[in-house]
Chemist: 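For reference, the structure I am asking about is given below.
For clarity, every value in this text was computed on a predicted model and none was experimentally measured. Residue numbers start at 1 and run along the sequence shown.
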Amino acid sequence: MGGCDRTFQAHQSGLLQKLLQEDSTYDYDLIVIGGGSGGLACAQEAAILGKKVMVLDFVVPSPQGTSWGLGGTCVNVGCVPKKLMHQAALLGQALSDSRKFGWEYNQQVKHNWEIMTEAIQNHIGSLNWSYRLSLREKTVAYVNSYGEFVKHHKIKATNGKGQETCYTAAKFVIATGERPRYLGIQGDKEYCITSDDLFSLPYCPGKTLVVGASYVALECAGFLAGVGLDVTVMVRSILLRGFDQEMAEKVGSYMEQHGVKFLRKFIPVMVQQLEKGSPGKLKVVAKSTEGPETIEGIYNTVLLAIGRDSSTRKIGLEKIGVKINEKSGKIPVNDMEQTNVPYVYAVGDVLEGKLELTPVAIQAGKLLARRLFGGRLEKCDYINVPTTVFTPLEYGCCGLSEEKAIEVHKKENLEVYHTLFWPLEWTVAGRDNNTCYAKIICNKFDNNRVIGFHILGPNAGEVTQGFAAAMKCGLTKQLLDDTIGIHPTCGEVFTTLEITKSSGLDISQKGC
């Protein structure tokens, strides 16, 4: 403002008072658009810090009419129901294993889809309610309406009946997440479902074609096969793009050996309904990506899992000048999650170049609120974030894939230690020997620091979480060697790794 004379003039004219009370001219200190994990974490943290906060959350029904409650993708149509259905499949495997361990039962064992989905939806309903209760306890205003910017600092909220209300805020956080992508072919939106629909599907999907090779595609294909369904996966190019490709192929190989069929290098060009029903009957025509060949198949259900699109194009961002990547719909932000419009921030899956993971969105949302309203400086660390793909054989990882490590550090600077292993629980059950696999990628010229951690085996998520903390602390190969393992566990293999890939030695295991 300048010296004391200009400050005094500003006081006399009322400008100083206006500057000091700028935020109070708005209805809210913060409006969060999107009631998923990142948005809720940010809103609640801001409220704890004494700010007046509103959350706008509205789920546009899927083309099949599916909608859900507060909590976003993870809670309603993502991580939570996905892992519960994965657990249903694991229990089926455990039933099979149990006979070898002396459990005798004569009755016919079969899976009931309706009982499973009802139980899962009841749990999700309880989570939806707990989120609403938590917002109420923290005096966050929750409005079940679709938010759209109309001008600077002003947003229009439209409810399910079409009624419109406008609100203003000093700051906004965009946390609208993503929704599944469709193919843009004849019959896709009319007859296909996505992960938005699968977890509350009121009938067993029957013979299923899963289109895509993303982690969503493989996880869904895995648990559908695990509960006894006939499942085919149609793959355009590679499995698990962005993940370590050696691990991805091992995931696919395991699934194929356990009944999941793969159609490689094909894409659907038409979906036609042959019979209505629950499920009905669909004909899928697909063409090769490598030539003129076309094939046809008959399925009860077609599940599309070909990627997700950011929900940013219909919320009025152009009216206030917030830039998005026109191709992807993603929002570029700086390292403070701030967009090009200073009072607008974004967290979660809508961010350009950031990981699309629930815990990342939660961490980013909390830390953003603390920086905006709590005088804190900590930023979200997007490096070495662990994750797990809950395929029938789980794949956990942290850090770089082998391909990325070679790209960044050059192959000659790396040492890869690896081994196959046989979980003790699988031995008596007579399950696959030399299928589970562990590897670490080390930087030879940085004290053999572990820059990539990968495990394929049961409970991979639980194993990976602990090693991820060690990687945050600068884990090296020597530190792993110095760590005494817990016997007999899967995680202990990382404390006894001796064979390098470059040696070419045999890594198969003969016993426990």
Side-chain angles (χ1 to χ4, degrees), residues 80-120 122-123 198-199 201 203-208 210 218-233 247 249-262 300-301 388-396 419-438 455-464 485-493 507-512:
V80 170
K82 172 268 299 288
K83 194 177 181 195
L84 290 172
M85 287 195 175
H86 172 60
Q87 175 66 11
L90 291 181
L91 288 170
Q93 179 68 61
L95 274 171
S96 173
D97 290 352
S98 70
R99 292 186 187 276
K100 295 282 183 70
F101 284 90
W103 289 95
E104 298 176 353
Y105 51 90
N106 299 316
Q107 67 267 42
Q108 177 68 33
V109 178
K110 61 177 185 171
H111 183 262
N112 185 306
W113 178 272
E114 289 80 8
I115 289 175
M116 175 185 70
T117 51
E118 183 182 359
I120 289 172
N122 286 343
H123 176 64
L198 178 65
F199 302 111
L201 201 66
Y203 55 85
C204 179
K207 184 180 179 182
T208 302
V210 178
L218 298 190
E219 287 176 339
C220 292
F223 66 65
L224 291 174
V227 298
L229 303 184
D230 181 333
V231 179
T232 301
V233 179
M247 306 304 287
E249 283 303 319
K250 286 179 181 292
V251 166
S253 175
Y254 181 89
M255 291 175 68
E256 205 156 15
Q257 288 165 23
H258 289 78
V260 177
K261 296 182 280 291
F262 283 81
N300 298 119
T301 299
T388 295
V389 181
F390 290 98
T391 35
L393 188 58
E394 296 175 12
Y395 165 35
T419 187
L420 291 162
F421 64 95
W422 198 15
L424 182 64
E425 299 87 336
W426 287 23
T427 54
V428 169
R431 290 178 63 189
D432 318 54
N433 187 6
N434 290 310
T435 297
C436 298
Y437 179 65
I455 181 170
L456 195 63
N459 304 303
E462 309 297 343
V463 175
T464 305
I486 302 170
H487 190 66
T489 65
C490 294
E492 74 173 318
V493 299
I507 57 168
S508 56
Q509 301 296 299
K510 308 300 184 288
C512 172

Chemist: Return the OG1 to OH distance between Thr301 and Tyr203, rounded to the nearest 0.5 Å.
Modeler: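 Interatomic distance, Thr301 OG1 to Tyr203 OH, rounded to 0.5 Å: 5.0 Å.
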Chemist: Looking only at side-chain N and O atoms, does Glu249 offer a donor or acceptor that is under 3.5 Å from a partner on Ser253?
Modeler: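 Side-chain D/A pair, Ser253 to Glu249: absent.
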Chemist: Determine whether more than 12 heavy atoms belonging to other residues, nucleotides or ligands lie under 6.0 Å from atom CD of Glu256.
Modeler: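 Count over threshold, so yes.
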Chemist: Assess whether side chain to side chain contact (heavy atoms under 4.5 Å, CB included) is satisfied between Val231 and Met255, documenting all intermediate values.
Modeler: CA-CA 10 Å; Val231 179; Met255 291 175 68; over 6 Å; no
Chemist: Considering all heavy atoms of both residues, which atom of Gly396 and which atom of Ala460 are nearest to each other, and what is their separation?
Modeler: N-CB, 3.6 Å
Chemist: List the atom of Cys204, the atom of Glu114, and the distance in Å for their closest heavy-atom pair.
Modeler: N-OE2, 3.9 Å
Chemist: Between Tyr105 and Leu95, which heavy-atom pair has the shortest distance, and what is it?
Modeler: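 Nearest heavy atoms, Tyr105 then Leu95: OH-O, 2.7 Å.
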Chemist: Let me confirm one number: the NE2-SG distance from His86 to Cys220, rounded to the nearest 0.5 Å.
Modeler: 12.0 Å
Chemist: At what distance, to the nearest 0.5 angstrom, does CG of Leu90 lie from CD of Glu394?
Modeler: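 So the gap between those two atoms works out to 6.5 Å.
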Chemist: Could you give the distance from CZ (Phe199) to CG (Leu84), rounded to the nearest 0.5 Å?
Modeler: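 Result: 9.5 Å between the selected atoms.
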Chemist: Quick one: list whatever passes salt bridge (Lys or Arg N to Asp or Glu O under 4.0 Å) with Lys100, sequence neighbours left out.
Modeler: none
Chemist: Applying salt bridge (Lys or Arg N to Asp or Glu O under 4.0 Å), name anything that partners Lys82, two or more places apart in sequence or on another chain.
Modeler: Glu219
Chemist: Check for a donor-acceptor pair, side chain of Thr427 on one end and backbone N or O of Leu424 on the other, with a separation under 3.5 Å.
Modeler: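 Pair found, side chain donor or acceptor close to backbone of Leu424.
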Chemist: Which pair of heavy atoms, one from Phe101 and one from Asp97, lies closest together, and at what distance?
Modeler: CD1-O, 3.4 Å
Chemist: Can you name the residues that form a side chain to side chain contact (heavy atoms under 4.5 Å, CB included) with Thr117, not counting sequence neighbours?
Modeler: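 Side chain to side chain contact (heavy atoms under 4.5 Å, CB included) list for Thr117, sorted by chain: Met85, Trp113.
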Chemist: Can you list the steps and then say if Leu198 with Phe223 is a side chain to side chain contact (heavy atoms under 4.5 Å, CB included)?
Modeler: CA-CA 12 Å; Leu198 178 65; Phe223 66 65; 3.7 Å; yes
Chemist: With no hydrogens and no angle check, is any side-chain donor or acceptor of Asn112 less than 3.5 Å from a backbone partner on Ile115?
Modeler: yes
Chemist: Taking C-beta and beyond as the side chain, do Asn300 and Lys207 meet within less than 4.5 Å on heavy atoms?
Modeler: yes
Chemist: Quick one: closest heavy-atom pair of Trp426 and Leu393, and the distance?
Modeler: CH2-CD1, 3.5 Å
Chemist: What's the shortest heavy-atom distance between Leu224 and Pro205, and which atoms?
Modeler: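 Residues Leu224 and Pro205, closest heavy atoms: CD2-CG, 3.9 Å.
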Chemist: Rounded to the nearest 0.5 Å, what separation is found between the OH atom of Tyr254 and the SG atom of Cys436?
Modeler: 7.5 Å
Chemist: Say you draw a straight line from NZ of Lys250 to OG1 of Thr391; how long is it, rounded to the nearest 0.5 Å?
Modeler: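 Answer rounded to 0.5 Å: 13.5 Å.
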